[in-house]
Amino acid sequence: MVALSVEVGPWTGCAVLFLRSCPAVNLLSLYKDQQGKFSVFKVLKLTLTDSAGGLEGYEILKLHDADPLLGVEVKFVDVAACRRFLQSYGSGAVQQFLSQHTCRLLHVPQELALETQLKAGTHTLDFCLDDLELCLSQAIIHQSIPDRCSRLRDDEIAELDQQLQSQALGHIPQPPTLTQEEPPVPSNCFLFQKRVFEDRMLAAGDLQRFSNGVGRDWRKVGRALGKNCRALKGPAIDNLAYEYEREGLYEQAYQLLSRFIQAEGRAARLGRLVRALEDSKLTSLAENILDIQPRE
């Protein structure tokens with residue numbers, strides 16, 4: 001039932017993120033203030049960029065005064081961007097991004113305390129974040145409330161977005177290569193194809209996907225990992241190839257990454273493997289491990 005609603009036909013979804021900040025900064029009061037309005041909007045836009053994995057697939061429609069809460073109404077036009085946002089929200093990354101950008105742009109000396117709630121129509125998505133597809137189905141509220149997801153952005157939001165784009169373009173020295181200013185990547189994340197991913201420890205699923213997909217290129221990846229891993233330097237890779245030659249390519253690749261994980265411990269992170277795959281020109285395998293769906 002849920003799968004049909006999120007995968008078939010044009011996809012548009014809306015959700016409202018309600019925010020309450022304390023004690024150092026009141027985001028609603030700042031947004032009501034003409035001098036603080038743009039800074040609050042920039043914080044929200046950068047937070048969405050981080051949590052949705054880029055600049056495409058969504059837009060802010062309106063900011064609501066729901067005193068004492070600030071409501072951020074977001075329209076998604078890409079199911080992948082919406083899924084990434086929901087994953088970020090469920091993991092706490094949205095709150096972390098919001099706190100970091102608020103501290104940086106509003107010069108808050110301490111970490112921001114936040115209360116958040118995510119709603120789609122009458123549904124509170126916080127209660128069903130463990131079922132992502134259910135959240136996505138509830139976010140497609142154009143099926144039950146056509147006007148909300150079909151309407152245009154609030155005029156004030158459109159002006160703020162244009163102001164933000166102009167500010168970003170003003171920082172680019174070469175007009176032929178104009179791009180928007182990218183927000184800094186948090187220390188517990190990494191950037192791949194202009195998307196932000198959590199830099200978690202490597203798991204069993206990563207090990208299996210790598211071993212299944214890398215084929216004969218496992219040595220190349222091993223050398224890339226070996227630049228910063230003593231256990232894979234020198235003759236280590238050739239020894240693995242000889243020792244597991246009879247078992248085949250899967251086992252050789254499996255033993256390579258297993259040795260990396262055992263040697264590096266908590267430092268054996270997803271970002272290091274993805275960078276090694278990029279260095280080895282194996283971006284498609286990196287996309288597979290990161291579960292990035294191919295674009296139509």
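In this text the structure is predicted, and so the values were computed from the model without any measurement. For the numbers below, each heavy atom of this structure counts, side chains included, while hydrogens, waters and symmetry mates do not.
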**Q** To the nearest 0.5 Å, what is the distance between SG (C189) and CG (D50)?
**A**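 Separation between the atoms: 7.5 Å.
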
**Q** Using the ring pair (Phe, Tyr, Trp, His ring centres under 6.0 Å) criterion, which residues pair with F85? Sequence neighbours excluded.
**A**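 F85 satisfies ring pair (Phe, Tyr, Trp, His ring centres under 6.0 Å) with F76 only.
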
**Q** State whether the side chain of T49 and the backbone N or O of K45 hold a donor-acceptor pair below 3.5 Å, judged by distance alone.
**A**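 Such a contact is found between T49 side chain and K45 backbone.
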
**Q** Do V221 and L277 have side chains that get closer than 4.5 Å, going by heavy atoms?
**A**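 Sidechains of L277 and V221: in contact.
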
**Q** Start with the C-alpha gap between E156 and K37, add the side-chain angles, then the distance that decides, and say whether salt bridge (charged side-chain N to carboxylate O under 4.0 Å, His left out) holds.
**A** CA-CA 10 Å; E156 183 176 64; K37 189 182 296 290; 3.3 Å; yes

**Q** Could you work out, with ring pair (Phe, Tyr, Trp, His ring centres under 6.0 Å) as the rule, every residue matching F18, not counting sequence neighbours?
**A**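 Scan of F18 (ring pair (Phe, Tyr, Trp, His ring centres under 6.0 Å), adjacent residues dropped) gives none.
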
**Q** Please lay out, stage by stage, how R219 and D238 fare under the test salt bridge (charged side-chain N to carboxylate O under 4.0 Å, His left out).
**A** CA-CA 8 Å; R219 293 190 194 209; D238 290 335; 3.5 Å; yes

**Q** Between the main-chain N or O of G226 and the side-chain N or O of K233, is there a donor-acceptor pair closer than 3.5 Å?
**A**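 Checked: pair present.
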
**Q** Would you check, one step at a time, whether the test side-chain contact (heavy atoms from CB on, under 4.5 Å) holds for F190 with E198?
**A** CA-CA 7 Å; F190 66 93; E198 179 186 4; over 6 Å; no

**Q** Can you name the nearest heavy-atom pair linking L191 to K194, along with the distance?
**A**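 Of all heavy-atom pairs spanning L191 and K194, the closest is CD1-C, 3.8 Å.
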
**Q** Applying salt bridge (Lys or Arg N to Asp or Glu O under 4.0 Å), can you list everything that pairs with K32, at least two apart in sequence or on another chain?
**A**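 Listed in chain order: D65.
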
**Q** Taking the side chain as everything from C-beta on, heavy atoms only, tell me whether V74 gets closer than 4.5 Å to E59.
**A**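 V74 does not reach E59 side chain to side chain.
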
**Q** What do the steps show when you test R195 against I292 for side-chain contact (heavy atoms from CB on, under 4.5 Å), and what is the final call?
**A** CA-CA 10 Å; R195 299 182 187 180; I292 298 177; 3.3 Å; yes

**Q** If you measure from CZ on R209 to CG on L207, what distance do you get to the nearest 0.5 Å?
**A**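 Here the interatomic distance stands at 12.5 Å.
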
**Q** Could you tell me whether the side chain of L125 reaches within less than 4.5 Å of the side chain of C128, counting heavy atoms only?
**A**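 SC-SC contact between C128 and L125 confirmed.
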
**Q** Please identify each residue that fulfils salt bridge (Lys or Arg N to Asp or Glu O under 4.0 Å) with D217, with sequence neighbours left out.
**A**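 With sequence neighbours excluded, D217 shows a salt bridge (Lys or Arg N to Asp or Glu O under 4.0 Å) to K220, given in chain and number order.
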
**Q** Over all heavy atoms of both residues, which pair between W218 and Q252 is shortest? Give the atoms and the distance, please.
**A**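 Residues W218 and Q252, closest heavy atoms: NE1-OE1, 3.3 Å.
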
**Q** Would you say OH of Y89 has more than 12 non-hydrogen atoms from neighbouring residues, nucleotides or ligands within 6.0 angstrom?
**A**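 Atom OH in Y89 is crowded, with more than 12 foreign heavy atoms closer than 6.0 Å.
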
**Q** With sequence neighbours left out, write down each residue that passes side-chain hydrogen bond (donor to acceptor under 3.5 Å, both in side chains) with Q193, or none if nothing qualifies.
**A**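 side-chain hydrogen bond (donor to acceptor under 3.5 Å, both in side chains) check on Q193 returns E287.
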
**Q** With a 4.5 Å limit on heavy-atom distance, are the side chains of F210 and L202 in contact?
**A**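 No. Closest side-chain heavy atoms not under 4.5 Å.
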
**Q** Kindly indicate, with the supporting measurements, whether the criterion side chain to side chain donor-acceptor pair (under 3.5 Å) is fulfilled by S39 and Y31.
**A** CA-CA 8 Å; S39 295; Y31 185 74; over 6 Å; no

**Q** If I compare all heavy atoms of V274 with all of A286, which pair ends up nearest, and what's the gap?
**A**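 Taking V274 first and A286 second, the nearest heavy atoms are CG1-CB, 4.3 Å.
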
**Q** For A231 versus A236, what's the shortest heavy-atom pair and its separation?
**A**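 It is O-CB, 3.3 Å.
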
**Q** Could you walk me through whether R269 and E264 pass the salt bridge (charged side-chain N to carboxylate O under 4.0 Å, His left out) check?
**A** CA-CA 9 Å; R269 299 272 169 177; E264 295 297 301; over 6 Å; no

**Q** What residues, two or more places apart in sequence or in another chain, satisfy salt bridge (Lys or Arg N to Asp or Glu O under 4.0 Å) together with D126?
**A**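 Once residues adjacent in sequence are excluded, D126 has no partner under the salt bridge (Lys or Arg N to Asp or Glu O under 4.0 Å) criterion.
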
**Q** Mind running side-chain contact (heavy atoms from CB on, under 4.5 Å) on E115 and L69 for me, showing each step along the way?
**A** CA-CA 9 Å; E115 297 176 13; L69 306 176; 5.6 Å; no

**Q** Checking V16 against L118 for the side-chain contact (heavy atoms from CB on, under 4.5 Å) test, could you report, in this order, the C-alpha distance in whole Å, the side-chain angles of both residues, the deciding distance, and whether it holds?
**A** CA-CA 6 Å; V16 181; L118 188 63; over 6 Å; no

**Q** Please tell me if the side chains of K75 and Y58 come closer than 4.5 Å, counting only heavy atoms from C-beta onward.
**A**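 Counting from C-beta outward, K75 and Y58 never come under 4.5 Å.
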
**Q** Got L19 and L44 here, is their nearest side-chain heavy-atom distance under 4.5 Å?
**A**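 Yes, side chains in contact.
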
**Q** With a 3.5 Å distance limit and no angle check, can you tell me whether N212 reaches the backbone of Q208 through a side-chain donor-acceptor pair?
**A**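 At least one qualifying donor-acceptor pair exists.
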
**Q** Looking at S91 and S88, would you say the former's side chain and the latter's main chain have a donor-acceptor pair under 3.5 Å?
**A**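 A pair under 3.5 Å: yes.
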
**Q** If you look at every heavy atom in V196 and F97, which pair is closest and at what distance?
**A**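 In this case the closest contact between V196 and F97 is CG1-CZ, 4.1 Å.
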
**Q** Could you tell me whether the side chain of E73 reaches within less than 4.5 Å of the side chain of I60, counting heavy atoms only?
**A**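 When only atoms from C-beta onward are counted, E73 and I60 do not touch, as no gap falls below 4.5 Å.
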
**Q** Please report the shortest heavy-atom distance between A276 and S280, naming the atom on each side.
**A**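 Residues A276 and S280, closest heavy atoms: O-OG, 2.9 Å.
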
**Q** Is there side-chain contact between D78 and E56, with heavy atoms separated by less than 4.5 Å?
**A**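 D78 does not reach E56 side chain to side chain.
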
**Q** When rounded to the nearest 0.5 angstrom, what is the spacing between CG in D206 and CZ in R200?
**A**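 CZ of R200 is found 4.0 Å from CG of D206.
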
**Q** Could you state the interatomic distance from CD (Q255) to CD (E251), rounded to the nearest 0.5 Å?
**A**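 The CD atom of Q255 sits 4.5 Å away from the CD atom of E251.
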
**Q** In Å and rounded to the nearest 0.5 Å, what is the CG to CZ distance from L46 to F41?
**A**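 Between L46 CG and F41 CZ, I get 9.5 Å after rounding to 0.5 Å.
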
**Q** At what distance, to the nearest 0.5 angstrom, does CG of L17 lie from CG of L48?
**A**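 These two atoms lie 8.0 Å from each other.
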
